[in-house]
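Heads up, the thing below is written out as structure tokens.
Hydrogens, waters and symmetry mates play no part in the numbers below; they use all other heavy atoms, side chains included. Counting begins at 1 with the first residue of the sequence.
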Amino acid sequence: MTISRRAVITGFATALSVSLSGLAAQAGEALDRILSEGVLTVGTNSDYRPNSFMNDNNELDGFDIAVSKEVAARLGVDVKFVTPGWEVMTAGHWAGRWDMVVGSMTPTKARAEILDFPAIYYFSPAAFAVHKTSPAEKPGDLDGKTVGVVSASTYNRYLEHDLKLDVVGMPAFTYDVTPGEIRAYSDVNEFDDLALGDGARLHAVLQSVPVIAEAVSVGLPIKQLGEPVFFEPLALATDKGDAELNARLHDIIEEMRSDGTLAKLSVKWHGTDLVSTK
């Protein structure tokens with residue numbers, strides 16, 4: 001399965017320009033506050049390796065964290081991180097508690113009703129992971145099994161056969177698994193339950209390939225099952241209302257893409273370039 005990333009980015013930029021023009025009357029307030037206070041507050045995850053996690057110094061680290069720091073540096077401000085929980089970040093109406101989310105969020109049409117997505121910054125392949133002792137040989141072998149997934153995520157919607165990634169250039173995909181039970185996780189890492197053994201609590205997890213690879217690299221007794229089942233674009237998210245902030249963030253991400261910064265960060269944290277257009 002392949003994805004035309006250039007088509008996605010081009011189409012997304014067109015949609016963004018339309019969105020920003022509609023927000024012109026409210027432009028400037030959030031960006032002015034960020035520049036005046038000298039701080040960009042970013043909502044993110046705290047247990048999502050290799051994108052955002054607590055390192056040995058008890059500090060947030062990872063790909064999403066590095067991207068956030070670079071965006072803040074190019075804005076000329078400091079960065080502050082908060083970890084409010086996935087459901088809260090995707091709900092919108094943040095009331096100024098944070099300025100943007102860099103949390104590997106897919107810019108779906110439903111989310112775009114309550115959030116703005118200034119720029120796509122990378123793409124992530126999604127796949128199933130199983131315990132090393134699992135007899136499953138392909139995703140279809142998981143039919144009727146218990147599958148763990150992050151709640152309110154695109155992976156959750158895929159398992160529910162209700163994934164609507166309304167993004168230009170999104171490749172077609174099929175629902176290869178019909179779980180017997182979908183077990184949703186929020187604050188608890190689903191891989192910890194999968195590592196207990198095949199079927200002990202879970203038979204599989206649906207997650208991004210980079211996250212699965214990270215779990216394998218730290219020694220968890222799991223493996224990827226088959227090829228990716230879909231590819232999703234991931235974008236910066238902001239609360240609705242500031243076209244100038246969105247435009248500035250969009251420009252910064254495009255600068256980071258053009259000068260190779262995003263690709264270098266992806267290779268550092270994911271081991272491969274998940275950014276460049278093809």
Side-chain angles (χ1 to χ4, degrees), residues 9 11-46 48 51-52 60 62-122 150-154 156-157 164-167 186-187 232-256:
I9 293 172
F12 191 84
T14 301
L16 173 68
S17 65
V18 174
S19 174
L20 296 186
S21 65
L23 292 172
Q26 303 179 58
E29 182 178 346
L31 180 59
D32 288 347
R33 174 177 49 76
I34 292 166
L35 297 178
S36 175
E37 296 177 355
V39 178
L40 175 69
T41 302
V42 179
T44 191
N45 307 289
S46 61
Y48 192 57
N51 294 287
S52 49
L60 281 167
F63 177 66
D64 286 348
I65 304 305
V67 169
S68 301
K69 289 179 177 178
E70 183 66 21
V71 169
R74 296 191 186 209
L75 273 174
V77 299
D78 294 330
V79 64
K80 173 186 176 182
F81 293 103
V82 295
T83 55
W86 184 249
E87 294 89 346
V88 179
M89 289 190 290
T90 57
H93 307 293
W94 301 335
R97 291 170 290 173
W98 50 90
D99 304 308
M100 73 171 179
V101 164
V102 185
S104 301
M105 190 183 298
T106 305
T108 63
K109 186 174 182 180
R111 286 175 179 163
E113 294 179 0
I114 53 177
L115 296 170
D116 288 330
F117 296 100
I120 292 170
Y121 65 111
Y122 81 109
V150 175
S151 63
S153 67
T154 52
N156 196 340
R157 292 190 179 278
K164 299 179 177 65
L165 294 180
D166 299 304
V167 180
S186 179
D187 298 329
E232 62 177 318
L234 291 310
L236 306 187
T238 60
D239 220 353
K240 280 195 172 294
D242 199 309
E244 289 184 8
L245 173 61
N246 289 338
R248 186 70 186 102
L249 293 175
H250 174 80
D251 289 346
I252 287 174
I253 291 298
E254 289 310 303
E255 291 168 4
M256 292 170 62

| note | Value for CE (M89) from OG1 (T44), rounded to nearest 0.5 Å, stands at 6.0 Å
| Within a strict 4.5 Å, meaning less than it, do heavy atoms of the L236 and V101 side chains meet? | no
| task | Can you measure from OG (S153) to CD (E87) and round to the nearest 0.5 angstrom? | result | 9.5 Å
| said: To the nearest 0.5 Å, what is the distance between CZ on F117 and CG on L249? | reply: 13.0 Å
| request: Working to the nearest 0.5 Å, report the span between CD of E254 and CD1 of I120. | output: 9.5 Å
| field | T90 side chain to W86 backbone, donor-acceptor under 3.5 Å | value | yes
| Can you check side chain to side chain contact (heavy atoms under 4.5 Å, CB included) on V77 and L35, steps first, answer last? | CA-CA 7 Å; V77 299; L35 297 178; 4.1 Å; yes
| query | Restricting to pairs with a member in residues 92-105, which pass side chain to side chain donor-acceptor pair (under 3.5 Å), not counting sequence neighbours? | reply | R33-D99, D64-S104, S104-Y122
| said: For the CZ atom on R157, are there more than 12 heavy atoms of other groups (residues, nucleotides or ligands in this structure) within a distance under 6.0 Å? | reply: no
| note | A152 and R111 have their tightest heavy-atom pair at O-NH2, 3.1 Å
| said: What's the separation between atom CZ in R74 and atom CG in L40, rounded to the nearest 0.5 Å? | reply: 14.0 Å
| Considering all heavy atoms of both residues, which atom of S68 and which atom of V42 are nearest to each other, and what is their separation? | OG-CG1, 3.6 Å
| said: Under a 3.5 Å distance rule, please check whether D116 uses its side chain to pair with a backbone N or O of P118 as donor and acceptor. | reply: no
| field | Test side chain to side chain contact (heavy atoms under 4.5 Å, CB included) applied to D251 and R248, step by step | value | CA-CA 5 Å; D251 289 346; R248 186 70 186 102; 4.0 Å; yes
| Taking it one step at a time, do L75 and L31 satisfy side chain to side chain contact (heavy atoms under 4.5 Å, CB included)? | CA-CA 10 Å; L75 273 174; L31 180 59; 4.2 Å; yes
| query | Are V102 and M100 close enough, and set up right, to give a side chain to side chain contact (heavy atoms under 4.5 Å, CB included), and what steps lead you there? | reply | CA-CA 7 Å; V102 185; M100 73 171 179; 3.6 Å; yes
| request: Heavy atoms only: give me the nearest G43-P84 pair and the separation to one decimal. | output: CA-CD, 4.3 Å
| Just by modelled atom types, is the Y48 backbone N or O under 3.5 Å from a matching donor or acceptor in the N45 side chain? | no
| Roughly how far, to the nearest 0.5 Å, is the NZ atom of K240 from the CG atom of L115? | 7.5 Å
| Can you name the nearest heavy-atom pair linking G103 to Y121, along with the distance? | N-OH, 3.9 Å
